[in-house]
Amino acid sequence: TIAERIADFLKDFPPFNQLQNEALFEICTQIEVIHIEKDEIVFEAGEELQQYFFVVKDGAIGIVGEENTILDHCDEGDIFGLRALLRNTGKYQLSAKALEESIVYKIATPFFEKHIATNPRASKYLMASFASNTLAVNNENTHESIFADQEDTLIKEEQHVSEMQTINYSKNPIQCSPDTSIQEAAQIMTNKRVGSIVVVENKMPIGIITDKDFRFKIATGKHPISEPVTKIMSSPVLTFASDLTLAEAQIAMLENRISHLCITENGKDDTPLLGILSEHDIIVVRGNNPSALIKEIYRAENSDMLEYIKNKAQDLLQQYLGQEVRISFITKIMTTINDALTRRSIELSLAEMESKPPASFSWLSLGSQGRKEQLLKTDQDNALVFDNVEASEYEEVQHYFVTLAKKVNKKLHKIGFEYCPAEMMASNPKWCLSVQNWKKQFHHWISEPTEDNIMLSTIFFDYRPIYGNSDLVAQMTTSIFKSIDSYEIFLNFLGRNALTNPPPLSFFRTFLVEASGEHKDQFDLKLRAMMPMVDATRLLILAAKIASNNSTIS
């Protein structure tokens with residue numbers, strides 16, 4: 001019965017979902033179920049390899065690097081400890097510990113070799129996931145994939161981006177000559193606090209020594225430490241050019257069961273050594289992909305951690321831009337990350353409140369985040385709507401949500417989203433209203449399209465729910481369309497406002513640049529090119545009564 005329950009769980013997760021029922025059941029009859037307390041170590045860096053790999057049933061396991069840095073979060077259905085077995089270097093290079101109370105399935109290596117390694121589809125999945133480090137991560141608030149729109153295309157594109165991503169390598173590798181003694185090489189590695197040394201002759205790499213060589217060739221007594229390094233070095237070395245991609249590096253390490261690659265001028269071993277690429281360098285890159293960042297966000301315990309993740313997301317953005325990845329993919333990823341940062345800030349703020357919310361509510365993002373176009377650090381533009389309450393309770397309920405919003409806005413500011421200079425934020429009581437009052441506000445702007453009301457409409461009508469009860473937001477949207485039906489002239493005013501933006505080209509078909517100020521003689525891409533399109537798209541969406549899509553890019 002226990003084996004059947006385990007099989008029923010594993011069959012929904014790759015690579016187990018690629019196995020025949022008989023093979024899966026045989027594995028499950030031999031699985032050991034272990035309970036792990038929070039902060040308990042599963043295995044530790046430097047520890048001898050266990051002939052097992054692990055699957056998380058409940059809870060979360062963290063893969064820990066240097067200085068106790070969490071490099072990856074393993075949640076329900078995730079495998080860990082398998083990469084170390086495939087690499088087979090004798091000892092773990094990273095540690096694994098429970099981030100919370102967890103239940104883990106422990107699977108013996110022979111069953112992997114018998115049923116998974118021999119299954120083409122299962123082994124192909126593992127190789128692809130190790131190479132791209134990409135898995136579809138679910139949004140814990142909506143239970144939808146972060147790649148919900150055009151999911152297959154986006155996942156494939158992220159895998160492609162990861163596969164083509166180049167990685168930084170150590171430019172000053174520790175070296176020694178062929179006549180250096182083993183003892184001298186060990187002393188150099190100890191003093192430099194590195195796990196490898198490259199044996200170089202005429203500036204070209206002829207061999208490499210790692211900690212593994214000392215364990216297997218010196219500690220076992222096979223060679224005395226007085227012998228030259230050529231007696232224990234691994235040779236010839238695997239060499240690659242400096243444009244080596246992440247996927248190529250990981251596949252080379254997995255296939256050859258090594259943890260270091262030499263980088264030379266043209267990728268051959270007969271040209272000068274430029275640097276060394278270690279598995280640790282790859283781990284650093286692995287921790288900076290969308291899937292890993294989303295997991296980190298959901299487990300962040302304070303705004304300092306969220307700020308750290310936000311900065312990693314900015315680095316990821318710069319990489320994507322440098323690789324000329326298509327903008328629709330970039331905005332999808334950055335929107336998902338920014339939304340997750342906002343949701344986690346709300347969750348942390350709710351936990352700080354003295355009581356639960358007195359009414360159902362929804363947090364709205366406005367402006368570029370509302371249109372799913374936010375990339376770089378920008379001002380906050382947000383609002384809050386709560387369910388209708390009795391008039392006698394309104395002031396108290398609004399006070400609660402304004403207090404909550406102040407906490408959220410403060411956290412978002414700490415993370416890196418600047419305060420809105422015009423206070424277009426949910427912490428402003430003007431933008432923290434009940435559904436009924438939002439409807440009244442919108443009707444007023446539409447029925448009396450003054451210059452100020454048109455301006456407010458262009459800001460607030462790009463809203464999008466980020467957290468909470470989306471039904472409240474649907475009511476707001478319905479009210480907008482209803483008011484426009486009664487006052488269609490509002491669309492004319494909105495169109496006239498869109499046409500007030502100056503065209504990007506002059507009469508002579510040249511770009512219009514700024515005539516004065518700090519950006520004199522520069523082209524304002526946002527004002528001249530983006531805003532006219534955004535204003536025109538907003539007008540068309542309102543006229544067509546499209547409630548499900550307010551992204552200019554889409």
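Just the heavy atoms: all of them, side chains too, but no hydrogens, waters or symmetry mates, feed the values below.
Rounding to the nearest 0.5 Å gives a distance of 12.0 Å between CG of Asn409 and CZ of Phe417. To the nearest 0.5 Å, atoms CD1 (Ile309) and CZ (Arg299) are separated by 11.5 Å. Here the CD-OH distance, from Glu347 to Tyr298, works out to 8.0 Å after rounding to the nearest 0.5 Å. Atom CG of Asn311 and atom CG of Leu316 lie 12.5 Å apart (nearest 0.5 Å). Note that CG of Asp269 and CD1 of Ile206 are 10.5 Å apart. Values are rounded to the nearest 0.5 Å. Here the straight-line distance linking atom CD of Glu40 with atom NE2 of His35 works out to 8.5 Å at 0.5 Å rounding.
A distance-only check finds a donor-acceptor pair linking the side chain of Thr109 to the backbone of Gln51 [under 3.5 Å]. Within the 3.5 Å criterion, the main-chain N or O of Gly59 finds no donor-acceptor partner in the side chain of Ser102. Judged by distance alone, the side chain of Asn338 and the main-chain N or O of Thr335 form no donor-acceptor pair under 3.5 Å. Here the side chain of Gln18 pairs no donor or acceptor atom with the backbone of Pro15 at under 3.5 angstrom. Ser170 places no side-chain N or O within donor-acceptor distance of the main-chain N or O of Pro173, the cut-off being under 3.5 Å. The main-chain N or O of Pro228 is never found under 3.5 Å from a side-chain atom of Ser181 such that the two would form a donor-acceptor pair.
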Val104/Val42 under side chain to side chain contact (heavy atoms under 4.5 Å, CB included): CA gap, chis, key distance, verdict | CA-CA 10 Å; Val104 171; Val42 182; 5.7 Å; no

Worked check of side chain to side chain contact (heavy atoms under 4.5 Å, CB included) between Val55 and Lys57 | CA-CA 6 Å; Val55 179; Lys57 169 61 172 68; over 6 Å; no

Between Glu307 and Lys310, is a salt bridge (Lys or Arg N to Asp or Glu O under 4.0 Å) present by the stated rule, with each step listed?
-> CA-CA 5 Å; Glu307 179 185 14; Lys310 169 71 171 176; over 6 Å; no

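In this structure the side chain of Arg5 never reaches within 4.5 angstrom of the side chain of Val33, judged on heavy atoms. With contacts defined as side-chain heavy-atom distances shorter than 4.5 Å, the pair Leu19/Leu10 does not qualify. Asp339 is listed as a side-chain neighbour of Gln369, based on a closest heavy-atom distance under 4.5 Å. By the 4.5 Å heavy-atom criterion applied to side chains, Phe240 and Leu277 are not counted as neighbours. Contact annotation: the side chain of Thr264 never approaches that of Met204 to less than 4.5 Å [non-hydrogen atoms, C-beta and beyond]. You'll find the side chain of Tyr92 reaches within 4.5 Å of the side chain of Gln50, heavy atoms only. Between Tyr169 and Leu274 the shortest side-chain heavy-atom distance falls below 4.5 Å. Considering only heavy atoms from C-beta on, Ile34 stays 4.5 Å or farther from Tyr52 through its side chain.
Applying the 6.0 Å contact sphere to NZ of Lys106 captures more than 12 heavy atoms from other residues, nucleotides or ligands. Around the NZ atom of Lys231, the shell of radius 6.0 Å holds no more than 12 heavy atoms that belong to other residues, nucleotides or ligands. The neighbour count for Phe13 CZ, taken as heavy atoms of other residues, nucleotides or ligands under 6.0 Å away, is above 12. For Lys171, the NZ atom sits in a packed shell: over 12 heavy atoms of surrounding residues, nucleotides or ligands are nearer than 6.0 Å.
Side-chain polar atoms of Asn302 and Lys411 form no donor-acceptor pair below 3.5 angstrom. In summary, the side chains of His115 and Gln20 do not present any donor paired with an acceptor at a separation below 3.5 Å, with no hydrogens or angles considered. Thr342 and Ser345 form no side-chain donor-acceptor contact under 3.5 Å, judged by distance and modelled atom types alone.
Every residue was checked against the side chain to side chain donor-acceptor pair (under 3.5 Å) condition with Asp211, not counting sequence neighbours, and none meets it.
A perpendicular orientation is assigned to the rings of Phe9 and Tyr105, their planes being inclined by more than 60° (bins at 30° and 60°). Ring geometry, Phe53 versus Phe16: the interplanar angle falls under 30°, so the pair is classed parallel (tilted spans 30 to 60°).
Shown are Val198, Val237, Leu261; of these, the side chain to side chain contact (heavy atoms under 4.5 Å, CB included) with Ile276 is made only by Val198. Put simply, the residue from Ile218, Ile209, Thr230, Asp213 that forms a side chain to side chain contact (heavy atoms under 4.5 Å, CB included) with Ile182 is Ile218.
Between Asp304 and Lys414, at least one side-chain nitrogen of the basic residue sits less than 4.0 Å from a carboxylate oxygen of the acidic one, meeting the salt-bridge criterion.
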